[in-house]
Amino acid sequence: MLTFENVSQHYGSFRALHGVTLNAKEGELVVLLGANGAGKSTIFLTASGLPKATGGSIRFRNQELVGMKPSQIVQQGIVHCPEGRKLFPQMSVLKNLMLGAYVHRRDRAGNQKMLDEVFKLFPILAERREQAAGSLSGGQQQMVAIGRAMMGRPKALLLDEPSLGLAPLVVKQVFEVIQRINRAGTTVLLAEQNAYAALKIAHRAYVIEGGRIVLEGDPASLMNDQAVRKAYIGA
Ligand code: ATP
């Protein structure tokens, strides 16, 4: 469904991605594991077209994404939920959510339907819809970020470290919602450092180091892999 083939990315003369090849099939939940600076965010940013890949091909349902404008990529159904949430803290929860619907702004009925779905996923956001997003807890802010991405009507949802800075119980809740979104039919790519929680909900996973895919496998085999345990699980 979403396929990266030999994708490269550079920041000036620094090469951040060295020929990354990976894929997510329709309906899959695929995890990208990697330490800080491994290139996970760069993979997602490159899929979203900002910045454009410096080499290789990214295809979604057989359409080439490299060269498309970021807004066209969102319109295709590739929606990125960035690391660090990137909310507008002074704006209300509702306004933040509606920003995610920008590419569908003419379809008011469709957006209302999506908003109802987001409020079903995150009932707390319905209660707090008029509250400034910046006054919510970290976990609630992450829910706004995921809700905003859902308003973009993703076919493939790219989630960048949604567990960052959250307490273990909140991480569990966030991951349960991610699993529900996936089970309802959205393909999910999930970049995480929290390997244990991520592998528990994954269908498949890749390990990224220094801008390269170094390992791919099913969650059980990665969970038992000595190097993965040592680097990401700490056991
Ligand atoms: P983290 O979880 O810490 O965000 P990551 O796996 O998402 O890590 P990236 O943010 O993709 O990693 O960074 C990959 C590499 O590219 C790092 O070496 C980083 O310093 C570099 N990099 C990222 N963005 C830029 C930029 N805008 N300009 C220059 N170098 C960058």
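As the structure is a prediction and not an experimental result, all values here were calculated from the model. In this chain, numbering begins with 1 at the start of the sequence shown. Every number for a ligand or one of its atoms is a count from 1 in the order of the listing.
- For residues 95-114, every residue pair satisfying the salt bridge (Lys or Arg N to Asp or Glu O under 4.0 Å) rule, not counting sequence neighbours, is listed here: D107-R153.
- A heavy-atom cutoff of 4.0 Å around ligand 1 is satisfied by the protein residues Y11, F14, A16, A35, N36, G37, A38, G39, K40, S41, T42, E83, E161, Q193.
- F175 meets the ring pair (Phe, Tyr, Trp, His ring centres under 6.0 Å) test with no other residue; sequence neighbours excluded.
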Side-chain donor-acceptor contacts of residues 16-26 below 3.5 Å, not counting sequence neighbours, with atom names and distances?
| residue | atom | partner | partner atom | Å |
| --- | --- | --- | --- | --- |
| H18 | ND1 | R212 | NH2 | 3.3 |
| H18 | NE2 | R15 | O | 3.3 |
| T21 | OG1 | N6 | N | 2.9 |
| N23 | OD1 | R204 | NH2 | 3.0 |
| E26 | OE2 | R61 | NH2 | 2.5 |

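- Rounded to the nearest 0.5 Å, atoms OG (S137) and CE (M143) are 7.0 Å apart.
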Quick one: do R229 and M223 satisfy side-chain contact (heavy atoms from CB on, under 4.5 Å)? Show the steps, please.
CA-CA 6 Å; R229 291 188 77 86; M223 200 90 90; 4.3 Å; yes
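- For the 3.5 Å distance criterion, the side chains of E64 and S57 qualify, holding a donor opposite an acceptor.
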